[in-house]
Amino acid sequence: MAKIQIFLLSLLINSLTLISPTLGALKQGFTTDLIHRDSPLSPLYNPSLDKWERVRKSIRRSFSRVSRYSLSSSVSPNDVVSEVKPARGEYLMEVYLGTPPVKQLGIVDTGSDLIWTQCQPCTQCFKQKLPIFNPRRSTTYKVQSCESKACQALDPNQGSCSRRDTCEYIYTYGDQSHTSGDVAAETFTFKSRNRGNTSSFPRISFGCGIDNSGTFSEEGSGLIGLGGGPLSLVSQLGSSIGGKFSYCLIPFAVEGNFTSKINFGTKGEVSGRGVVSTLLVQKSPETFYFLTLEGISIGNKRIPFSSSKRSSLSTNDYGSEEGNIIIDSGTTLTFLPEDTYSELSNSVKRIIRGTPVLDPSRTLDLCYQASRSLKLPNLTAHFTGADIQLRPDNTFINVSEDVVCFAFVPAQDISIFGNVAQANYLVEYDLEEGTVSFKPTDCTEGQ
Ligand SMILES: *[C@@H]1O[C@H](CO)[C@@H](O)[C@H](O)[C@H]1NC(C)=O
Ligand SMILES: *[C@@H]1O[C@H](CO)[C@@H](O)[C@H](O)[C@H]1NC(C)=O
Ligand SMILES: *[C@@H]1O[C@H](CO)[C@@H](O)[C@H](O)[C@H]1NC(C)=O
Ligand SMILES: *[C@@H]1O[C@H](CO)[C@@H](O)[C@H](O)[C@H]1NC(C)=O
């Protein structure tokens, strides 16, 4: 019986290989789903939580994620990477590993680089719903040597060389979670849901984790790093996707079976009316996508982004430090410097005619009784060269049936433009041009 299944499977794979795109087609890229971890489509979906508990959890995750970004001048970029708290991202993506391809679900993380998945034989693996990847069953799996580019790209304290000259990695995270195993190369295949197209990429380096523990439980099969460093999926796909990827995130408030999308390659090319672009700022660590936010407007008041205490860095005409904010898909809230935040929240308070109430979970500090007559303001985020209108959907979150809260918070350390603020924009990262572009889009369109 099992033999027949394997036979049928390999037939299927062979036919997939036949229809797999040529290089020309690959250049057009591919699109796949970004499954919100709290969507019923997600294996992390917890039906016992009500909708509001899910919202509150994702708000809390924002804060634990933020602590991982803590950058201080005394900490080297590599320390930051090793302080990463895993699996705090909000979206999952399907990836098919190996030959024949085996489905895995990775947490998508624009705040880290390494791609890793749990692998058999496990010394220690956390429970995952999908079968754990078994490299012995794949004909394209190859352990990387210590001289490989991937191995060289690892930080000295994250990589080591085995006696057989194979590369091993270990990532220890701030909360004592860790993953370790072989650095290997494998064929990655992506499928477009409802489209039937598949795109395969050979020799993608990843961590085949045989010893994984900590706070990963129930959190997919591993992580898919989409950061700017050399080991991320985006960097590895490189020229075959023209250095471009984009996503379109569906607002929290939208109900129904819609999924957010992620595009790799020119398919994601953002063009046409309403597109605005801003420059990516090269800063350390290269993993993070730094932008320059000059200020935020509300009504006719423009609030400058207060420059940091470390003012030695280059500033622009508005006195904003270049690269003063990270754009991240995995953080729900937007984090601003305390001064900027307090000025902004005071202005928001002055404009809104509504009944202030306490956040039931005491996390957000500007909340109102939700009602049909409550008018929430539009804001504009002024990135250098790119003004982005933020609708109430981008700046407020319903935290319960009758309470709506401002989704911006003061940052202890680093500022982050979070995913609520990015909803209903097609956001494109062009690593070759060094830009991020935004196009207002109804992300449920065409589903
Ligand atoms: C599959 O990909 C090709 C090339 O990118 C494209 O022309 C075609 O429209 C796609 N098919 C579907 C059903 O999306
Ligand atoms: C979503 O899809 C599931 C099954 O695929 C269905 O049972 C459910 O009613 C759908 N929900 C909505 C809001 O359309
Ligand atoms: C916000 O902007 C939208 C469209 O840009 C407009 O329809 C709406 O009236 C604005 N809301 C307020 C409160 O100004
Ligand atoms: C809050 O929920 C109401 C419907 O219950 C919706 O109309 C509104 O857009 C939501 N507000 C935000 C900011 O998501």
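Whatever order the structure lists them in is the order used to number ligands and atoms, beginning at 1. Just so you know, residue 1 is the first one in the sequence shown, and it goes up from there.
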- Query: Short list, please: which atoms of ligand 3 are under 4.0 Å from a heavy atom of N378?
  - Reply: 1 (C), 2 (O), 3 (C), 8 (C), 10 (C), 11 (N), 12 (C), 14 (O)
- Note on the structure: Logged contact type for Q389 with ligand 3, heavy-atom cut-off 4.0 Å, is side chain
Is there a donor-acceptor contact under 3.5 Å linking the side chains of [X] and [Y]?
{"X": "N263", "Y": "T31", "answer": "yes"}
{"X": "Q422", "Y": "Y247", "answer": "yes"}
{"X": "N324", "Y": "T292", "answer": "no"}

- Pair R302 + E343, salt bridge at N-O below 4.0 Å: no
- Taken to the nearest 0.5 Å, the spacing of L226 CG from I224 CD1 works out to 7.0 Å
- Item | Qualifying ring pair (Phe, Tyr, Trp, His ring centres under 6.0 Å) pairs, either residue in residues 409-428, two or more places apart | F383-F417
- Shell of residues surrounding ligand 4, defined by a 4.0 angstrom heavy-atom cut-off that is strict: A253, P392, D393, F396, N398
- Item | Centroid separation Y96 to F190 less than 6.0 Å | no
